[in-house]
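Contents: one structure, followed by commentary.
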Amino acid sequence: MKKNTIIISSLIIILFIVGLVLLLSKKEEVTDDNILYSVNFGNVVLRFKHVDDAIGQNQIVTVEKSMDNGKTFETITDGQVIVSLEPKFIFLNEQLGFAVKKSNNSKDNGKYYGMYVTNDGGKTFNLSEINYDNPNIEILTITSVPYFDNGKLILPCSIYQVKEDLSGYENVAIYFVSNDNGLTWNIDENIKESDIVNKVNVTINGNTYVANLEENETVNSFLNLLPSEFNMSELNGNEKYIYLDNKLTSNPVSVKHINKGDIMLYGDNCLVIFYKSFDTSYSYTKIGHIDNLDDLGNSSVLVKIEKWYNKDVKGENIMSKILVSYFSATGNTKNVAEKVAKVVDGDLFEIEPVNKYTEEDLDWTKKESRSSIEMKNNVKPEIVSKISNLDNYDTICLAFPIWWYKEPTIIDKFLEENDLTGKNIYVFVTSGSSTIDSTYRSLQNNFPNLNFVSGKRFTGNERDEEYKDWIK
Ligand SMILES: Cc1cc2nc3c(=O)[nH]c(=O)nc-3n(C[C@H](O)[C@H](O)[C@H](O)COP(=O)(O)O)c2cc1C
């Protein structure tokens, strides 16, 4: 009897250990290491994920899509996409994406096939055809992912060719443009390196930001290093830094104050990104600034910096999108926000409180309910996330229910956390019966620097045209 008990307990322990090992190894499979690239479009997240290794220094990748700001993902690629071990990825909007499968490409009948393109958000991929039939050139290097500039879809490449004075070889930048959403590319001799806009894309731990650059010699020498990836170390709880291999032209000045998002050069080769604001006695050369940088945490970060690809530019099939951001406690505003987003083909962003409102919280007949206290004492609840890609939008639609004739305090928190300066803001509310007037005045008073274009009260029973005509 005793022996049996020992055997059974031993078996249970072994089963438990095996279970634990299985669970841990399963967890390992879904670590972020497998995520090679990720980008947000409102609440939609698209990411490239490593699935398996493939023969000849290659790997298999798929696209995963989330409709709920990254909470849940589904795999959407049909079949397999095979790229090199050091590929480059980009989604320029929810449909159009690229996977540069190999940077250096050999010629095949006057064409190069180094890049995949998807026009259906990552479901299917086709090989892009780059036409460059130069008899003196065998290898074409794709230097960066494609980007939009003034409606033109541009692919930056380089060739290694004999110098004009025959004194040796040099790398020369050449640019290709595509008029069919990236399927075929032809050289555009009119684009010069100097035309490239003074912005860069900075991807930090998978989140992509746009940095505006200063106009100085340091920036010019910095641009020569791009695209680059840096493993930046943590310092003092406010900055990430790396010592570059190359020295840059520098002109340090005593900046006195650091703003969160500043990108600076310390000395002539230390690149620094600040994620806190503070006063300083040190001197730096300014490189640029990221507007909506998040807290970067206390460990080192992987930072990818590439020349800018412009998602704002209106071109064929590419519209500057409207972001419909909404707060809704009981669903009325959400219902209208979804209709508005559909009609204007906008992206949705939910202003979601960390602690959801219960029915009790919303009881406006009770002085001690959460909503009554928040509104009376101006208590602003925490919000789950900030908009990560504000640069994509010129027009923001802001929607919420009227609470006590004004905006719920969570809206003030939202406007404090997300810098909408310079954006066209269209406000709409739902309410029991109140008009928007006092609420709109309250917003204008609380945020005098913001550009509120128009305010409306909707019920959800409006015709589509009414929403469309309102946001022009
Ligand atoms: C705390 C609280 C205060 C409210 N104050 C007003 C008000 O001042 N005027 C009004 O017409 N409706 C008021 N309402 C009603 C809401 O504005 C209305 O039900 C709205 O459509 C709810 O939107 P939601 O479902 O998106 O949360 C209030 C509701 C709550 C919960």
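Every number for a ligand or one of its atoms is a count from 1 in the order of the listing. Keep in mind it's a predicted model, so treat the numbers as computed, not measured.
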In ligand 1, which numbered atoms sit nearer than 4.0 Å to a non-hydrogen atom of [X]?
X    : value
A329 : 24 (P), 26 (O), 27 (O)
N332 : 19 (O), 20 (C), 21 (O), 22 (C), 23 (O), 24 (P), 25 (O), 26 (O)
S433 : 10 (C), 11 (O)
T333 : 23 (O), 24 (P), 26 (O)

> Looking only at heavy atoms, is any part of S371 under 4.0 Å from ligand 1, and if so is it the side chain, the backbone, or both, or is it neither?
Replying inline: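 Just the side chain.
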
> Cut-off 3.5 Å, side chains only: do Y209 and D294 have a donor facing an acceptor?
Replying inline: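 Yes, D294 and Y209 have a side-chain donor paired with an acceptor closer than 3.5 Å.
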
> Without hydrogens or angle criteria, can the side chains of N212 and H289 be said to hold a donor-acceptor pair below 3.5 Å?
Replying inline: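 Judged by distance alone, the side chains do not pair up.
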
> If we only count N/O pairs under 3.5 Å, is W404 in contact with ligand 1?
Replying inline: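 N/O-N/O distance under 3.5 Å: yes.
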
>> Are any of the N/O atoms on G331, whether in the backbone or the side chain, positioned under 3.5 angstrom from an N/O atom of ligand 1?
In response: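 Yes, there is a polar N/O contact under 3.5 Å.
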
Does [X] have its ring centroid less than 6.0 Å away from the ring centroid of [Y]?
X    : Y    : result
Y175 : W185 : no
Y467 : F458 : yes
F98  : F125 : no

[atom]: the protein heavy-atom neighbour that sits closest, reported with distance to 0.1 Å:
atom                    : result
atom 9 (N) of ligand 1  : S434 OG, 2.7 Å
atom 15 (C) of ligand 1 : G432 N, 3.8 Å
atom 8 (O) of ligand 1  : Y405 N, 2.9 Å
atom 20 (C) of ligand 1 : T430 OG1, 3.3 Å
atom 22 (C) of ligand 1 : P401 CB, 3.5 Å
atom 2 (C) of ligand 1  : W403 CD1, 3.5 Å

Salt bridge or not for [X] and [Y], using N-O below 4.0 Å?
X    : Y    : value
E416 : K380 : yes
R370 : E374 : yes
K240 : E234 : yes

>> Check the orientation of F89 and F48. Use parallel for under 30°, tilted for 30 to 60°, and perpendicular for over 60°.
In response: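 Rings of F89 and F48: parallel, under 30°.
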
> For atom 13 (C) of ligand 1, which candidate among L362, I402, T330, T365 provides the closest heavy atom?
Replying inline: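 The residue whose heavy atom sits nearest atom 13 (C) of ligand 1 is I402.
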
